[in-house]
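First comes the structure, then the notes that go with it.
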Amino acid sequence: MAGDGLEKFTEVPIEFFKDGTAFVQKCTKPDKKEYIKIIRAVGVGFIMMGLVGYAIKLIHIPIRYLIV
Amino acid sequence: MSYTNLLVRLIDLAKPFLPLLPEIELPLEQLTFDDKVMYTIGTSFLYLLAQLPIFGASKTTNDPIHWLRPVFGAEQNTLLEFGVFPIISSGLIFQILSGLKLIKINFNNRLDRELFQTLQKVFAIFQYAILTNIFLFTGYYGYNLTFWQYILINFQLIGTGSVFVFISEIIDKGYGFGSGSLTFITINISANFVTDIIALNSVKTTRGYESVGALVNLVKNLRNKPFKNAILESFTRSYLPNLTQVYLTIGIVLVLIYLQNFRLELPIRSNRVRSVSNVFPIKLLYTGSLPLLFSYVVLFYINILGYTIVNLVFKNDSNQIIVKILGQYITTGFNSNFIVEKPSILYFFSPSKNLFESLISPLRTIIFFATILITSTWFANIWSSISGSSPKDLAIQFKEQGISIAGRRDVSISKELQRVIPVAAVSGAAILATISEIGELFGTNGKSPAIIVAVGAAFGFLELIAADFQQGGGSQNFGSIFGQ
């Protein structure tokens, strides 16, 4: 029964897709205030880390010329 | 069964290394919030400082893993040539093996636990050694190296790798927040993100000197070139960071932050105190960005295996039939990336360089996406049932705290969680894989999965920090920064 096998093969992902979309629809979504608060926290943290990291990378540029 | 017996003994392999490898002791008492912040910042600075150039290599070209680097915090031609890939892959592989009961470990037994940890470390260091020598013998660091050059490069790369195996263990063991290797990846990606936008230094290209930073480049172009050309070039240059990539990255971050707060709120009530009800959130991104990281571990293995066979065994000779099947590596112009350009096995397991390429070879795009999607979802499904927050563990926790899901009997708590959590984990992983692939369609060369991994890890830290902060009180120095 090749048809059966194929059906089973496509059944699992389709079933899953249905479950997944149902789950997403049931989810509580963040409201605007919450969203902006998190963007601020993550953004500030990310950019602060990045700037310090970039500063350290700047130190590496002259070292690179010295070693290589 | 002999098969399982063989694997049972796998942890005993680590026995001879037990006295050789130091083990980080667990902190004697709970560290203060400030101490943890200091440990985390200190170790991540070490990681950035270790990006020194390799001494003794005679050639600096032919990078076959350039699109895998961002995800693992690896920097080309530095001591961190392979980033934390060996540490991450070793950790994930052994956790999966033990979670699937392929290695039997009694986590209540101290010796078993130590052996398991030592095995992970040994395998990580072993991978650093293997990767270093693959790169050495395929001519990545130049052909005809002297004996001392081999020794020197081996010493540098394996030495740095080993040091970071231990440093990441420090963070893992509770001196910092969460996972050490994820901390390193996050700091490296955020540094690269800022570098891509505002880096002031310029690099010589075929069109003269160009600034590395995308924004700096735009300003420079606007001043020197006709308006239309300036804008177009800033968005489309392919060899250095361009504005398309920057906007894509920012877009991905915004979408991720939005998705991060998707949650299914299970109504729960306490059995002890009547009329006290609350909600227990099940996040959509239940396993965070780990599934995507796992997908890239798989892709890394596929590509490094192919690279080794093609370049080490068959010397990248296009007359060999195996090379034709796996794919011949070709050096590209400016960045000296080593890529496969003709349809072949390795070609399908690597991302496209730009949007144009993704559109003219849809089969590659589909296969690449399918690989990520399947590995991610498989991992998410497994991980959601073996990690510390699996449905079973949660049900036990619920029971201990006398919590039950409203409208359900005690017995069905585990069943209810079992029904919800894997769906959340797998849907979350599938969504992340899709977002990552949308970025890769535009040719972000590994930067979109990298930013997803970084932001996912950053959320993890944020949660841990928030929890720690609430426990430790708000009077401490660093604590006041996070206080709203």
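What you see is a predicted model, and the numbers here were worked out from it, not measured in a lab. A note on names: the letters A, B, ... follow the listed sequences, proteins ahead of strands, and every chain is numbered from 1.
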Lys/Arg-Asp/Glu bridge criterion (N-O < 4.0 Å) met for B:Glu75, A:Lys57: yes
How long is the straight-line distance from OG of B:Ser44 back to CE of A:Met49, given to the nearest 0.5 Å? 8.0 Å
If I take atom CD1 from residue A:Ile59 and atom CG from residue B:Leu52, how far apart are they, to the nearest 0.5 angstrom? 10.5 Å
For B:Asn261, is there any backbone N or O sitting under 3.5 Å from a side-chain donor or acceptor partner on A:Tyr35? no
Residue from B:Thr195, B:Ile197, B:Asn192 passing side-chain contact (heavy atoms from CB on, under 4.5 Å) with A:Tyr54: B:Thr195
Show the nearest heavy-atom pair for residues B:Ser427 and A:Gly20, with the distance to one decimal. OG-CA, 3.5 Å
Side chains of B:Ile257 and A:Val42: does their closest heavy-atom pair fall under 4.5 Å? yes
Please flag which part of B:Leu256 lies under 4.5 Å from any non-hydrogen atom of chain A: side chain, backbone, both or neither. neither
For chain B, the option from A:Ala55, A:Pro30, A:Ala22, A:Gly53 that forms the most heavy-atom pairs under 4.5 Å: A:Pro30
At a heavy-atom separation under 4.5 Å, does B:Thr78 approach chain A through its side chain, its backbone, both, or neither? side chain
Nearest-0.5 Å distance, CG of residue A:Asp19 to CZ of residue B:Arg419: 8.5 Å
Region of B:Phe262 in contact with chain A, defined by heavy-atom distances below 4.5 Å: both
Region of B:Phe459 in contact with chain A, defined by heavy-atom distances below 4.5 Å: side chain
When you look at A:Ile39 and B:Tyr258, which way does the side-chain contact (heavy atoms from CB on, under 4.5 Å) test go after all the steps? CA-CA 9 Å; A:Ile39 287 184; B:Tyr258 190 61; over 6 Å; no
Of the non-hydrogen atoms in B:Val426 and A:Phe16, which two are nearest, and what is the gap between them? CG1-CE2, 3.2 Å
A:Leu51 portion near chain B, given a 4.5 angstrom heavy-atom threshold: both
Charged N to carboxylate O below 4.0 Å: is that the case for A:Lys29 and B:Glu265? no
Value rounded to 0.5 Å, distance of CD1 in A:Ile47 from CD1 in B:Ile198: 9.5 Å
What's the verdict on side-chain contact (heavy atoms from CB on, under 4.5 Å) for A:Phe46 and B:Val194, showing C-alpha distance, side-chain angles and the deciding distance? CA-CA 9 Å; A:Phe46 220 70; B:Val194 170; over 6 Å; no
Interchain contact, B:Leu200 with chain A, by part (heavy-atom threshold 4.5 Å): both
Most contact-rich option vs chain A, by heavy-atom pairs under 4.5 angstrom, among B:Ile431, B:Leu49, B:Ile187, is B:Leu49
Measure B:Ala199 against the heavy atoms of chain A and call it side chain, backbone, both or neither at under 4.5 Å. both
